[in-house]
There are 2 protein chains.
Amino acid sequence: MQAQEGSGRLNRRTVLGAALELVDEHGLDALSMRRLGQALGRDPMAVYRHAANRKELLAGVAELVLDEVEIFTDDAHWQIQLRRMAHEMRRVCLRHPNVVPLLVTGPLSTPLGLRPAGTLRPLEQILGILIRAGFAPGDALHVYRAFYGFLYGHILNELQELIVDPEENEALLQLGLQRLPLREFPHLRRLAPELLEYDGEHELDQGITILLAGLGQQLETTSEAYT
Amino acid sequence: MQAQEGSGRLNRRTVLGAALELVDEHGLDALSMRRLGQALGRDPMAVYRHAANRKELLAGVAELVLDEVEIFTDDAHWQIQLRRMAHEMRRVCLRHPNVVPLLVTGPLSTPLGLRPAGTLRPLEQILGILIRAGFAPGDALHVYRAFYGFLYGHILNELQELIVDPEENEALLQLGLQRLPLREFPHLRRLAPELLEYDGEHELDQGITILLAGLGQQLETTSEAYT
DNA sequence: ACCTGAACACCGTTCAAGT
DNA sequence: ACCTGAACACCGTTCAAGT
């Protein structure tokens, strides 16, 4: 929230940083060129020297967040590396929930080849992990897709179930579920207690275990890489 | 694109239908209260009698699309039912790619209990399938989360790889990949041919097979439902 | 009571005018 | 050559004025 008074020259990094701060604190809608200019203590038009337009600015914010994803490079088993990466990704997304829509739908229908490098880094990294583990490049791509798809799906699921104020959660949930017609939603209404105990980290970890187990079963006949 | 001339009374359904048409043809940004009013041949304010505000209008569009998801109710094996449902969901999403961001991030951080019934119907349906198959309700919830997370993740993946004009695809991909520094993206650059052959339906099907195999391995010790 | 449209407070972006 | 800010063409939403 601290306004960067109009001192010193602006660079892309500080512009994107201020933009991210705005999004984190007030949501995506709050990120307008004008408000960003104000937060920077500059003329709104000053932003245009560091981002071609609003879309490009949003893409920049997404890249900034992706850069927060720490990359572990050691020789741990590939399954452990994937698992660690998933948890790291999840943590970063929970730190910036308002940016997640940008991450998952930002480059929608932008040809893969034209996407900014920052967006492609996770893909390259996972491919590396898998190929070094002995997967054929084509298989690595399939595994990447299954893994990454699941990861993004989980994060979206978790954010949808995430409640800002857990104090109110129980009341809201009960109230909300009761509103649903019992005839149409018998199962959902009975699951209130389980829904309250949602543990995203554990759920993700279990999901990855399931996915890896399934992968193993599928690959052990066609490849000797899987161990 | 046919303008509904100002004849007859407006109802929520026709308003949402016109809104969906606008989104399908010109994207989410094109859906403004004013343009919608114009498409309906009415004063922009007329829309407010059928949707409280723009957000609510977008939620309505999302529900309208979800209603397109056909529900198969027969006594097929639960795995077959899940698989069929995934493909059906995928088809609907590909029919309305511009609406997908609404589906996956629309109700973000809206407590589950307060979400519109239309959004919760798939959850209820899957729970039903699983519980009828013999899963304990709690397990059914976990399976739902893994399944649905994966499904959404896959759809996002597929939409990101989807190219509007396949004619240009190859050129664009080659061009785009060449732009990436070879040192930083060695694996990705080598995978160009595989990336061109992406088959979303097959990829989804394989993914589900993997997931179900993993689920089986995980559940066969703790439950006798899995067959 | 219902409907209409003027008015308000915002937008992104362009571009002429200044330095 | 760079920077500034007025101007344009849009927004969502409110609300007073009409019927």
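Only a predicted model underlies this, so the values are computations on that prediction, with no experimental measurement involved. Here is how names work: the chains are called A, B, and so on, in the same order as the sequence lines, proteins then strands, and each is numbered from 1.
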### Task
May I ask you to evaluate whether B:R49 reaches the phosphate of C:dC2, defined as a side-chain N or O under 4.0 Å from OP1 or OP2?
no
### Query
Under 4.0 Å between a side-chain N or O of A:R54 and OP1 or OP2 of C:dC11?
no
## Note on the structure
Sequence neighbours excluded, the answer for ring pair (Phe, Tyr, Trp, His ring centres under 6.0 Å) partners of A:F147 is none
### Task
Please list, chain by chain and in numerical order, all residues satisfying ring pair (Phe, Tyr, Trp, His ring centres under 6.0 Å) with B:F150, sequence neighbours excluded.
none
Figure out the [atom1]/[atom2] separation between [X] and [N], and round it to whole Å.
X	N	atom1	atom2	answer
A:L36	C:dC10	CG	C1'	16 Å
A:L58	C:dG12	CG	C1'	12 Å
A:R35	C:dG12	CZ	C1'	16 Å
B:Q38	D:dG12	CD	P	12 Å
A:L31	C:dG12	CG	P	8 Å
B:M33	C:dC11	CE	C1'	16 Å
B:R34	D:dA9	CZ	C1'	11 Å
A:D29	C:dA9	CG	C1'	16 Å

### Query
What is the per-nucleotide protein-contact pattern of nucleotides 14-19 of chain C, from the 5' end, where B denotes a base atom under 4.0 Å from a protein heavy atom, S denotes such proximity for sugar-phosphate atoms only, and - denotes neither?
B-----
### Task
Using a strict 4.0 Å threshold on nitrogen-to-oxygen distance, state whether A:E56 and A:R12 make a salt bridge.
yes
### Query
Residues two or more places apart in sequence or in another chain: which of them pass salt bridge (Lys or Arg N to Asp or Glu O under 4.0 Å) with A:D43?
none
### Query
Sequence neighbours excluded, which residues qualify as salt bridge (Lys or Arg N to Asp or Glu O under 4.0 Å) partners of B:R91?
B:E88
#### Entry: Residues forming a side-chain hydrogen bond (donor to acceptor under 3.5 Å, both in side chains) with A:H202, sequence neighbours excluded
none
### Query
Can you name the residues that form a side-chain contact (heavy atoms from CB on, under 4.5 Å) with A:D24, not counting sequence neighbours?
A:L20, A:H96, A:V99
### Message
Do A:R121 and A:L66 have side chains that approach each other closer than 4.5 Å (heavy atoms only, starting at C-beta)?
### Response
no
### Summary
Residues pairing under side-chain hydrogen bond (donor to acceptor under 3.5 Å, both in side chains) where one sits in residues 187-201 of chain A, two or more places apart or in two chains, turn out to be A:H187-B:E124
### Query
Taking only Watson-Crick and G-U wobble pairs with both distances under 3.5 Å, what dot-bracket line describes DNA chain C, where [ ] shows pairs that cross earlier ones and | shows pairs with another strand?
||.|||||...|||||.||
